[in-house]
Amino acid sequence: MSNSATARTSTTASSTNSASSPVEIVACGALAGHIREIATRRGWPVTVRPLPAALHNRPQRIAGDAKRGIAAAEASGAKTVVLAYADCGTYGALDDLATEAGVSRLPGLHCYDLYAGKAQIEQLFAEEPGTYLLTDYLIKSFDKAVIKPLGLDRHPDLWTDYFAHYRRLVWLAQQPTPELEEAATRIAHQFNLPLQRIDTGTKGLEAALEPLIEPPPRDKSNGGALRTRPDERQTTR
């Protein structure tokens, strides 16, 4: 993961070193790896500009960094810029940015919606409001993304202050491996809570990206207007 808001990683089906791409994706660092994998598999000639995933701990900074990433992508000559973020705690700031910049962003309140779907996430919290959600990325980076920023490596006595109200952990698994299973189990032991695994894969993320990277064809019988898809979701306000 890059620490720069403008670092570029080009991705195509056959090359990872193209000089420029018609589509540039300013992506949450927690999604960037899966986006690269999807783009390579689909043969999408895109450039991924990952922002630091640590911004999730400072959501008020996401829109500013994303704005700089969009500007850098446009300066590089990209024909299309995509904002690969859900709202992520910005309370509409990313929607405002997308409208201002004329770009589209991914739907949803957070990446959990992109993986499991809004309805399933709502159901999980309706069943148990004290649910702590994990993803593959969060499991891999738990110490760096959670333990150290909260100071729990220095003050483990604060654990109950942060997490006493949780009742279960749910792992939304994109690409589960024995190593991730072991790490998720260790995290559950830290919480002293049961662990539930739901295999989501990345189909939801891929489905959300597709209309942004491969827009629907223009309908020549309707004056060249874009032909909409019945299930197409709004990506900006």
Enquirer: Could you report the tightest heavy-atom contact between A116 and I121, atom names first, then the distance?
Expert: CB-CD1, 3.8 Å

Enquirer: Could you state the interatomic distance from CG (L134) to CD (Q196), rounded to the nearest 0.5 Å?
Expert: 11.5 Å

Enquirer: Would L97 and I70 count as a side-chain contact (heavy atoms from CB on, under 4.5 Å) here? Give the steps.
Expert: CA-CA 10 Å; L97 172 62; I70 291 171; 4.0 Å; yes

Enquirer: Hey, are the side chains of L106 and L31 touching, using non-hydrogen atoms and a 4.5 Å cut-off?
Expert: yes

Enquirer: Check for a donor-acceptor pair, side chain of S141 on one end and backbone N or O of K144 on the other, with a separation under 3.5 Å.
Expert: no

Enquirer: Who are the side chain to side chain donor-acceptor pair (under 3.5 Å) partners of R167, not counting sequence neighbours?
Expert: none

Enquirer: Is L109 reachable from Y112 through a run of hydrophobic residues whose side-chain heavy atoms are each under 4.5 Å from the next?
Expert: no

Enquirer: How long is the gap from OG1 on T200 to CG on D136, to the nearest 0.5 Å?
Expert: 7.5 Å

Enquirer: Just wondering, are more than 12 heavy atoms of other shown residues or ligands nearer than 6.0 Å to CG in N192?
Expert: no

Enquirer: Would you say V81 ends up clustered with L51 if hydrophobic residues are merged whenever their side chains have heavy atoms under 4.5 Å apart, either directly or through other cluster members?
Expert: yes

Enquirer: How far does CD of E37 sit from CD of Q174, to the nearest 0.5 angstrom?
Expert: 11.0 Å

Enquirer: To the nearest 0.5 Å, how far apart are NE2 in H56 and OH in Y85?
Expert: 6.0 Å

Enquirer: Between atom CD of E210 and atom CG of L205, what is the distance when rounded to the nearest 0.5 Å?
Expert: 11.5 Å

Enquirer: Sequence neighbours left out, what passes side chain to side chain contact (heavy atoms under 4.5 Å, CB included) with E100? Give chain and number order.
Expert: K67

Enquirer: Show the nearest heavy-atom pair for residues G108 and A86, with the distance to one decimal.
Expert: O-CB, 3.4 Å

Enquirer: Side chains of E181 and W171: donor-acceptor distance under 3.5 Å anywhere?
Expert: no

Enquirer: Find out if a path of hydrophobic residues (ILVMFWY) with successive side-chain heavy-atom gaps under 4.5 Å connects L212 to Y115.
Expert: yes

Enquirer: Among I25, L209, V23, which residue meets the side chain to side chain contact (heavy atoms under 4.5 Å, CB included) test with W44?
Expert: L209

Enquirer: Is there a side-chain contact (heavy atoms from CB on, under 4.5 Å) between Q190 and I147? Walk through the geometry before answering.
Expert: CA-CA 11 Å; Q190 286 179 276; I147 298 297; 4.1 Å; yes

Enquirer: So which atom in A66 and which in L94 form the shortest heavy-atom distance, rounded to 0.1 Å?
Expert: CB-CD2, 4.1 Å

Enquirer: I'd like to know if L195 and V146 are part of one continuous hydrophobic network [Ile/Leu/Val/Met/Phe/Trp/Tyr, side-chain heavy atoms within less than 4.5 Å].
Expert: yes

Enquirer: May I ask you to test the C88-R105 pair for a side-chain heavy-atom distance under 4.5 Å?
Expert: no

Enquirer: For L150 and F163, what are the C-alpha separation, side-chain angles and deciding distance, and is it a side-chain contact (heavy atoms from CB on, under 4.5 Å)?
Expert: CA-CA 11 Å; L150 293 179; F163 300 124; 3.8 Å; yes

Enquirer: For D87 and T90: C-alpha separation, side-chain torsions, deciding distance, then whether side-chain hydrogen bond (donor to acceptor under 3.5 Å, both in side chains) applies.
Expert: CA-CA 6 Å; D87 181 77; T90 68; 3.0 Å; yes

Enquirer: Hey, are the side chains of R36 and P50 touching, using non-hydrogen atoms and a 4.5 Å cut-off?
Expert: yes

Enquirer: Quick check: closest heavy atoms across V48 and A27, and the distance to 0.1 Å?
Expert: CG1-CB, 4.0 Å

Enquirer: Can you tell me how far apart CZ (R168) and CG (L124) are? Round to the nearest 0.5 Å.
Expert: 5.5 Å

Enquirer: Hey, any chance L193 and L152 share a hydrophobic cluster, counting ILVMFWY side chains that come within less than 4.5 Å of each other, even indirectly?
Expert: yes

Enquirer: Give the minimum heavy-atom separation between P176 and L180, together with the two atoms involved.
Expert: CA-CD1, 4.4 Å

Enquirer: Does a side-chain heavy-atom distance below 4.5 Å link I198 with Q120?
Expert: yes

Enquirer: Quick one: do V46 and V82 satisfy side-chain contact (heavy atoms from CB on, under 4.5 Å)? Show the steps, please.
Expert: CA-CA 10 Å; V46 304; V82 172; over 6 Å; no

Enquirer: Using a cut-off of 6.0 Å, state whether more than 12 heavy atoms not belonging to R61 lie near its atom CZ.
Expert: no

Enquirer: If you look at every heavy atom in I139 and I187, which pair is closest and at what distance?
Expert: CA-CD1, 4.1 Å

Enquirer: Return the orientation label for the F191 and Y132 ring planes: parallel under 30°, perpendicular over 60°, tilted otherwise.
Expert: tilted

